[in-house]
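Notes follow the structure.
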There are 2 protein chains.
Amino acid sequence: MFSKTCEYAIRAILFIAQKSKQGVKVSIKDVAKGIDSPEFFLGKILQELSRKGIVKSLKGPTGGFYLDDESMQYSLADVVIAIDGDKIFNGCGLGLKQCSEKQPCPIHKEFKKIRSDIFKLLENSKLGEFNDLLDKRLAVLKR
Amino acid sequence: MFSKTCEYAIRAILFIAQKSKQGVKVSIKDVAKGIDSPEFFLGKILQELSRKGIVKSLKGPTGGFYLDDESMQYSLADVVIAIDGDKIFNGCGLGLKQCSEKQPCPIHKEFKKIRSDIFKLLENSKLGEFNDLLDKRLAVLKR
DNA sequence: TTAATAAAAGATATTTTTATCTTTTATTTT
DNA sequence: AAAATAAAAGATAAAAATATCTTTTATTAA
């Protein structure tokens, strides 16, 4: 569904969101441990999310990653688009470049619905939305 | 969503289904042209589908690929599973190995629905089902 | 029974994705 | 100011996916 990179990205951002709610910034190493991902690779991913403004970062001691109130309003769809692009929301299920209503692949209509469902789900999931669930350990980000 | 390999596989099998309905076997080259895919790579894919019994093949002149009545009853889900495995139907959206009801990722429930929808859609799509659509050019397999 | 055809099988190459390591820059604390 | 910390940036490596090419095997037709 998503690239591995994107899976790490989503888990990382939710981890950071949770910590930010608690008012603490987290280092790459902390996040990597928290979501069970390769540290250096995650560094690259956070770097990219930081460039795109989805996560905030500060260098130096007391530095780290965090989400401010503004960032907390981003949705999972924004994260996915930042990493994997919008292929999953707009691309053809069978890989046709010019798939459209006029020239549809055989499962165009059905997939349109699926893709739209995925988008709605992700678009409606704001980054700050999972904090309670995670705090209560009713959902996890590793293993 | 699917690997490129799987996209080619689905397009190829629907192409072969259509031709088989018309009673003709098709060569790798024909299929590659018909679905706009790299010929040798497609050869490997059809080889695999043939091993798994989803498509039938015959060597030599007058040989080629085809679907018999039995093969025509396979669904797109069978093709996807043959090539990409069942990860898309059963795997966790965030890549957690042990994601489950008991230990769910934050979007477990929502994704379960999505995955189930995808499975139903593909499971209900039998390989022979698109022949008319393709004959009438109301759906396409290339570009 | 030989030549031609087409898939199967095997080997190799290229590209993309995933992962790691090193150096630089910014910031803070001592 | 110097030392320590942590992200940014850049370089390199490994693995997986995609693509290509060659050889072998089975089958048919002349």
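Letters A, B, ... mirror the listed sequences (proteins, then strands); counts begin at 1.
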Give A:Leu46 one of three labels, base, sugar-phosphate or nothing, depending on what nucleic acid heavy atoms sit under 4.0 Å from its own.
nothing
For A:Val26, answer base if it contacts any base atom (sugar-phosphate contacts may also be present), sugar-phosphate if it contacts only those atoms, and nothing otherwise; contact means non-hydrogen atoms under 4.0 Å.
sugar-phosphate
Figure out the [atom1]/[atom2] separation between [X] and [N], and round it to whole Å.
| X | N | atom1 | atom2 | result |
| --- | --- | --- | --- | --- |
| A:Phe65 | D:dT5 | CZ | C1' | 14 Å |
| A:Asp84 | C:dT16 | CG | C1' | 13 Å |
| A:Glu48 | D:dG10 | CD | P | 13 Å |
| B:Lys29 | C:dA6 | NZ | P | 9 Å |
| B:Ile54 | C:dA7 | CD1 | P | 18 Å |
| A:Glu7 | C:dT17 | CD | P | 14 Å |
| A:Ile45 | C:dT17 | CD1 | P | 13 Å |
| B:Ile28 | C:dT5 | CD1 | P | 16 Å |

Given the structure, check if the side chain of B:Lys44 and the base of C:dA9 hold any donor-acceptor pair shorter than 3.5 Å.
yes
Within less than 4.0 Å of OP1 or OP2 of [N], is there a side-chain N or O belonging to [X]?
| X | N | value |
| --- | --- | --- |
| A:Ser3 | C:dT17 | no |
| B:Lys4 | D:dA19 | yes |
| A:Ser50 | D:dA8 | yes |
| B:Ser57 | C:dA6 | no |
| B:Thr5 | D:dT18 | yes |
| A:Tyr8 | C:dT18 | no |

No-hydrogen, no-angle side-chain donor-acceptor test under 3.5 Å, B:Gln22 and B:Asp135
yes
What one-letter contact string describes nucleotides 22-30 of chain C from 5' to 3', where B marks a base within less than 4.0 Å of any protein heavy atom, S marks contact via sugar-phosphate atoms alone, and - marks no contact?
B--BBBBS-
Return whichever of A:Glu39 or B:Gly64 has its heavy-atom-nearest nucleotide of DNA chain C closer to the 5' end.
B:Gly64
Using 0.5 Å steps for rounding, measure from the NZ atom of A:Lys142 to the SG atom of B:Cys105.
15.5 Å
Taking atom CZ of A:Phe130 and atom CD1 of A:Ile13, what is their separation to the nearest 0.5 Å?
12.5 Å
With respect to B:Ile35, which candidate in B:Arg11, B:Arg143, B:Glu7 satisfies the side-chain contact (heavy atoms from CB on, under 4.5 Å) definition?
B:Arg11
By nearest atom, which of the nucleotides C:dT18, C:dA7, D:dA8 is closest to the A:Gln47 side chain?
D:dA8
[X] side chain to [Y] main-chain N or O, any donor-acceptor pair under 3.5 Å?
| X | Y | answer |
| --- | --- | --- |
| A:Glu129 | A:Lys126 | yes |
| B:Asp68 | B:Lys56 | no |
| A:Asp84 | A:Ile81 | no |

Could you tell me whether A:Phe2 and B:Phe111 have their ring centroids closer than 6.0 angstrom?
yes
